[in-house]
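Notes for the one structure printed next.
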Amino acid sequence: MTVVIGFEGSANKIGIGIIRDGEVLSNPRRTYITPPGQGFLPSETARHHRGVILTVLKEALEQAALTPADIDCVAYTKGPGMGAPLLTVALVARTVAQLWGRPLVGVNHCIGHVEMGRLITRAHNPTVLYVSGGNTQVIAYSERRYRIFGETIDIAVGNCLDRFARVIKISNDPSPGYNIEQMAKRGSQYVELPYTVKGMDVSFSGIQSYIEEAANKMLASAQCTAEDLCFSLQETLFSMLVEITERAMAHCGSQEVLIVGGVGCNLRLQEMMGVMCKERGAKLFATDERFCIDNGAMIAQAGWEMFRSGQVTELRDSWITQRYRTDEVEVTWRD
Amino acid sequence: MHTSHQLELYPGQTVTQVLFKCVRNSADLRKSAMEGKINAALINPKMLVDPFQVIVAANKAVHLQNIGKMKTRSLYSEILFNLSPTNNISEAFRRFGISDADDAVLVVLVATDDESQTLADVTEMVDGQQVHVEELPTLSDVTQIRKLYKVTPQEEKIGSLLDSVVCKMATKDVM
Amino acid sequence: MAVSNFLSKGSLLKQGAEARVYRDIFLGKSTIIKERFPKKYRHPLLDEKLTHRRTVQEVRSIQRCRKAGIPTPVVYFVDYTSHCIFLEDIADSVTVRDHIVSTQHQSHPSPTLEHLAPLAVKVGQILAQMHDEDVVHGDLTTSNMLLRRNGDVEDASELSLVLIDFGLSYISGLPEDKGVDLYVLEKAFLSTHPNTEALFQKLLESYTASSKKSSAVIKKLDEVRLRGRKRSMVG
């Protein structure tokens with residue numbers, strides 16, 4: 001049996017999870033929530049994480065009913081993400097690894113999402129749509145790498161949603177995306193927005209600037225409601241995502257789709273992806289907010305795979321990096 | 001001597017082409033056609049590269065007739081219009097219809113299987129010598145065709161003149 | 001109706017991401033029929049708009065390319081109600097993708113660059129020509145280029161290459177748009193054909209040498225790549 005603890009804090013969530021051979025023993029998490037109209041800044045987010053990390057660590061061990069002696073390996077997010085929060089969490093991971101005398105493993109955050117999705121859904125070799133506040137990628141495995149077939153050429157889809165939420169002052173509690181999703185259910189009028197797909201890539205900056213410019217004008221003139229805008233924005237963004245996922249599937253000859261990342265728990269996105277899959281005779285795999293949204297268990301799971309295949313990170317190499325592409329990691333644990 | 005092609009999209013409809021040389025009654029034919037007495041398209045072969053060009057035009061005409069989107073008043077005028085590279089109807093008739101001085105004509109019929117009688121009716125009206133439709137290319141005015149369809153020398157390097165003409169016809173609605 | 005009845009009897013070659021592709025005899029010739037069927041996952045208004053726009057763009061760009069001497073299939077017929085395009089069947093051709101894959105298989109491990117270099121040169125030339133006509137393809141992959149099989153050729157000028165799938169194309173003179181076009185190809189190329197960086201470099205060199213306006217485009221390509229690497233990836 002191999003028990004791995006994972007530390008995640010690359011953005012505004014701080015999570016610590018413990019995995020024992022595919023079983024999630026604990027996975028507590030805290031979110032730094034900012035007032036409406038405001039995003040989260042690196043230094044303040046790091047301060048938040050510093051304030052709660054030891055409490056979360058205690059919870060993780062207690063809920064798993066384990067002591068440090070039961071832990072075989074300490075995994076932490078090496079990147080990508082915000083520098084200050086990453087650093088804060090890596091510091092704690094390094095400290096406990098030395099206190100407990102256990103090896104460290106630095107994990108690519110994106111690969112954490114992919115491996116957690118594979119574990120929870122049992123998807124075998126899926127085309128992965130990874131969508132969050134900072135990432136929009138269509139990934140497929142081939143020859144020892146998670147290769148990026150499609151991605152955003154400018155901003156991430158979650159970023160586009162978050163910034164829209166700030167423009168029309170939608171609450172950040174529990175998350176802007178969740179609130180947009182609820183409002184979209186009450187929208188009915190479809191407002192046409194720019195739609196930009198380039199091959200297997202997407203661009204959201206055009207929609208972003210269009211809606212920032214037009215939203216408040218349209219609302220002021222009662223041309224449409226805020227709910228209509230949420231609805232139209234989701235319909236447009238998600239159509240683009242489903243389209244590039246389908247393009248990648250056709251390209252790779254894949255019959256499985258896995259959606260991961262914070263935006264991946266949006267039920268409308270899952271529904272649209274499901275319709276596409278049904279038309280192709282493919283299978284959709286998705287997880288709920290516990291595992292879609294950044295969490296510690298996903299880092300533990302990827303760390304488990306890496307550790308079991310012989311990868312460890314020496315203390316002197318246990319740095320963090322804000323930019324860390326998914327395809328930089330050699331996948332030593334898959335055929 | 002004539003060729004018939006059953007349209008794949010409309011299996012009941014057959015496009016028949018009959019070619020005449022040494023025609024002496026072009027003026028009468030044109031008049032009858034304008035009065036609607038001839039149930040066929042009368043085409044000046046000079047602007048035709050190949051019978052395939054006519055089939056492309058006829059297929060489009062039958063299709064647009066079926067979905068109620070013809071640009072002209074009859075199926076046969078629609079065939080003339082579809083042959084043209086432009087969207088100007090009167091220019092299409094002028095270029096592809098016959099004129100009084102012409103001594104060659106391609107007669108094009110679109111008919112369901114049980115209407116074969118019309119072929120005989122129409123050919124009977126033509127005072128000329130029926131020749132094999134395969135002879136159509138010998139009557140083409142290639143220089144005029146290149147000019148009308150604005151075929152570039154680069155274009156002819158990647159395909160035949162027929163390719164260029166047909167592609168131009170098929171894409172003109174959105175150009 | 002007539003078109004869908006016809007297609008229901010045809011042989012489906014493949015179901016791509018946005019179209020079903022059939023091969024059948026049409027107007028007496030072997031023909032490829034590309035049907036952009038409705039995508040049920042997206043809003044009907046959006047779907048209709050996109051499907052119509054892409055059909056029109058594909059037809060327009062094909063004609064524009066042919067006029068400039070860039071090989072693309074002849075359009076025989078378009079039905080804008082069922083969004084079907086009837087195209088010349090490029091006889092005896094393979095996709096560049098399949099060609100590269102089979103060449104890599106045959107000549108494992110190393111001499112692939114040598115074998116594939118004339119092809120890379122040819123692709124670079126044709127794309128340069130296309131961009132000089134201000135056609136931006138929008139979906140460049142090695143699957144969207146056909147290679148006519150005419151034996152082994154040493155010289156790029158003897159290769160016969162045909163560009164297809166112009167549904168995402170548009171007309172633009174901006175170096176930015178052309179740069180992104182190449183960026184999309186680069187990523188598709190390298191993710192589809194691992195370890196071909198040198199081959200793609202060859203393609204870019206050929207593009208640079210062939211296009212009158214290449215320096216601004218390559219500069220934009222470098223910028224777009226950098227944007228990818230510098231992108232903040234928070235969350």
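Throughout, protein chains are lettered first and strands after them, A, B, ... in sequence-line order, and every chain is numbered starting at 1.
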**OH (A:Tyr32) with more than 12 external heavy atoms under 6.0 Å** = yes
**Asked** Would you call C:Asp139 and A:Arg247 a salt bridge, taking side-chain N to carboxylate O under 4.0 Å as the test?
**Response** yes
**Asked** More than 12 heavy atoms of other residues, nucleotides or ligands under 6.0 Å from NZ of C:Lys40: is that the case?
**Response** no
**Ion pair check, C:Glu176 and A:Lys198, cut-off under 4.0 Å** = no
**Request:** Pick one of side chain, backbone, both or neither for C:Phe189, based on which atoms fall under 4.5 Å of a heavy atom in chain A.
**Result:** neither
**Prompt:** What is the distance from atom CZ of A:Phe149 to atom OG1 of C:Thr141, rounded to the nearest 0.5 Å?
**Reply:** 11.5 Å
**Complete:** Tightest non-hydrogen contact, residues C:Ala17 and A:Ala250, listed as N-CB, 3.9 Å
**Prompt:** Any idea which of C:Arg97, C:Lys14, C:Gln15, C:Glu18 has the most non-hydrogen atom pairs under 4.5 angstrom with chain A?
**Reply:** C:Arg97
**Request:** Please tell me if the side chains of A:Arg147 and C:Pro194 come closer than 4.5 Å, counting only heavy atoms from C-beta onward.
**Result:** yes
**Message:** Please classify the contact of A:Arg268 with chain C as side chain, backbone, both or neither, using a heavy-atom distance under 4.5 Å.
**Reply:** side chain
**Message:** Between C:Thr192 and A:His251, is there a side-chain donor-acceptor contact under 3.5 Å, judged purely by atom types and distance?
**Reply:** yes
**Request:** Specify the closest pair of heavy atoms between A:Thr236 and C:Leu46, including all atoms of both residues, with the distance to one decimal.
**Result:** CA-CD2, 4.4 Å
**Fill in**
Shortest non-hydrogen pair, C:Arg42 vs A:Ser239, comes out as CB-OG, 3.2 Å
**Fill in**
Looking only at A:Glu192, A:Glu271, A:Glu235, A:Lys278, the option with the highest number of non-hydrogen pairs under 4.5 Å against chain C is A:Glu192
**Contact class of C:Val136 relative to chain A, heavy atoms under 4.5 angstrom** = neither
**Side-chain touch A:Tyr195/C:Lys49, heavy atoms, less than 4.5 angstrom** = no
**Message:** So C:His43 and A:Phe238, do their side chains get closer than 4.5 Å, heavy atoms only?
**Reply:** no
**Request:** Hey, could you give me the OH/CD distance between C:Tyr41 and A:Glu279, rounded to the nearest 0.5 Å?
**Result:** 8.5 Å
**Fill in**
Whatever's closer than 4.5 Å to a heavy atom in chain A on C:Arg20 counts as neither
**Item:** Per-residue contact mode, C:Leu168 against chain A (heavy atom under 4.5 angstrom)
**Value:** side chain
**Request:** Please determine if A:Glu246 and C:Lys39 form a salt bridge, counting it only when a charged side-chain N lies under 4.0 Å from a carboxylate O.
**Result:** yes
**Item:** Which atom of C:Ala188 lies closest to which atom of A:Met200, heavy atoms considered
**Value:** CB-CE, 4.4 Å
**Item:** Side chain / backbone / both / neither for C:Leu50 at chain A, heavy atoms under 4.5 Å
**Value:** side chain
**Prompt:** Does C:Lys187 come within less than 4.0 Å of A:Asp201, counting only side-chain N to carboxylate O?
**Reply:** yes
